[in-house]
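Structure, as C-alpha cells:
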Amino acid sequence: AAVPRPLKASELGSVFEAHFGNVCSANIEVDQELKYPKGAGRIVFANRESYKAAMRQRLVEILIDESKKRMEIKPYVLENMPCDHCNGISCGSPLPTYFCADPDCLEYFCPRCWGEIHILPGKLGHQPILKSSDARRGSSN
C-alpha cells in the first residue's frame, strides 16, 4: 500500500486534493544515496477537516497505467511537539510521548493528559503512537 513509484509529487497532491480537499504541499520521500523514491509520501492539508477526512478513509485508490493501486494513509507524527492539552505544564515537560491517530483526536499528549482524556466515553479504545526515545525507531513515520 505504498506510493506507486512512477507517481510524481504533483500527481500525488492532485489525487489527495480530489478526494479530501485543499492540499498545501505534497512530497515523495527519496533515498538520499540512491536518489530513488522510497514509496512513501507526505501531504500537508490546508485545513483540519481535509486531514481528518483522509485519516478516516485510511486508503485511497488511484489508477496508474490502467491498473488500480491502493495507498495506505497514515499520520506523519512529528518529533518534539508539545502536548495539545497542557503544553507540558501538567507533566513538567513540554514534550509528549503519545500521538492519538484516531480521526476524532489527531492530537499530541503527555502521559498525564492521555490518561485524563482517554478515560472519557468514546475515547477508551484509542491507541497511542509512542514517540518516546525507545519507540522512535519503530514509529509509523
Side-chain angles (χ1 to χ4, degrees), residues 1-91 93-141:
V3 174
R5 300 234 190 265
L7 198 66
K8 296 176 184 158
S10 60
E11 296 168 329
L12 180 65
S14 295
V15 166
F16 275 75
E17 192 160 279
H19 280 84
F20 307 112
N22 291 350
V23 168
C24 291
S25 70
N27 299 298
I28 294 179
E29 293 185 24
V30 176
D31 183 289
Q32 293 302 316
E33 191 175 308
L34 302 174
K35 307 290 185 219
Y36 194 76
K38 290 182 177 182
R42 189 178 319 165
I43 300 292
V44 177
F45 291 101
N47 58 60
R48 190 162 178 81
E49 292 77 29
S50 296
Y51 173 48
K52 289 176 96 169
M55 295 311 304
R56 274 192 193 92
Q57 189 163 325
R58 298 284 187 191
L59 287 172
V60 68
E61 205 168 71
I62 61 170
L63 192 62
I64 302 269
D65 298 327
E66 300 179 22
S67 177
K68 285 185 180 180
K69 303 287 182 181
R70 294 173 63 159
M71 292 184 289
E72 184 179 9
I73 302 169
K74 296 179 183 179
Y76 185 85
V77 182
L78 299 169
E79 298 285 339
N80 302 324
M81 294 297 293
C83 175
D84 287 321
H85 292 269
C86 75
N87 205 27
I89 295 167
S90 290
C91 65
S93 171
L95 305 179
T97 54
Y98 306 125
F99 176 79
C100 185
D102 187 281
D104 292 326
C105 274
L106 299 174
E107 295 178 323
Y108 294 89
F109 293 89
C110 66
R112 183 174 178 174
C113 288
W114 178 275
E116 290 174 0
I117 300 294
H118 287 87
I119 61 167
L120 299 174
K123 300 204 184 258
L124 284 172
H126 295 188
Q127 297 295 314
I129 295 174
L130 301 177
K131 289 305 289 185
S132 68
S133 57
D134 294 338
R136 280 191 185 122
R137 285 180 214 86
S139 72
S140 70
N141 296 342

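Just so it is clear, the values below take in all heavy atoms, side chains as well, and ignore hydrogens, waters and symmetry mates. Nothing here was measured: the structure is a model prediction, and the numbers come from that model.
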Validation row: [X], [Y] side chains within 4.5 angstrom (heavy atoms):
X	Y	answer
Pro111	Tyr98	yes
Trp114	Pro128	yes
His85	Cys110	no
Cys105	His118	yes
His126	Ile117	no
Pro37	Val3	no
Phe99	Met81	no

Checklist entry - Counting only heavy atoms not in Lys69, do more than 12 fall under 6.0 Å of its NZ? => result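 Atom NZ in Lys69 is not crowded, with 12 or fewer foreign heavy atoms closer than 6.0 Å.
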Checklist entry - What do you reckon, is NZ of Lys8 surrounded by more than 12 foreign heavy atoms closer than 6.0 Å? => result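 No.
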Do you know the tightest heavy-atom contact between [X] and [Y]?
X	Y	value
Gly39	Arg5	N-NH1, 3.1 Å
Asn87	Pro82	OD1-CB, 3.0 Å
Ile62	Val15	CG2-CG1, 3.2 Å
Lys35	Gln32	NZ-O, 2.9 Å
Gly21	Ser50	CA-OG, 3.6 Å
Gly115	Ile119	O-CG2, 3.1 Å

Measuring from [X]:[atom1] to [Y]:[atom2], what's the distance to the nearest 0.5 Å?
X	Y	atom1	atom2	value
Tyr108	Ile129	OH	CD1	9.0 Å
Arg112	Ile89	CZ	CD1	11.5 Å
Asp102	Arg56	CG	CZ	8.5 Å
Ile64	Leu7	CD1	CG	4.5 Å

Checklist entry - Using the ring of each side chain (for Trp, its six-membered ring), is Phe16 parallel, tilted or perpendicular to Phe45, with breaks at 30° and 60°? => result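 Phe16 and Phe45: tilted rings.
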Checklist entry - Glu17 side chain to Val23 main-chain N or O, any donor-acceptor pair under 3.5 Å? => result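 Looks like yes, one N/O pair under 3.5 Å.
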Item to check | Pairs involving residues 57-66, ordered by first then second residue, that meet salt bridge (charged side-chain N to carboxylate O under 4.0 Å, His left out) (sequence neighbours left out) | outcome: Glu61-Lys68
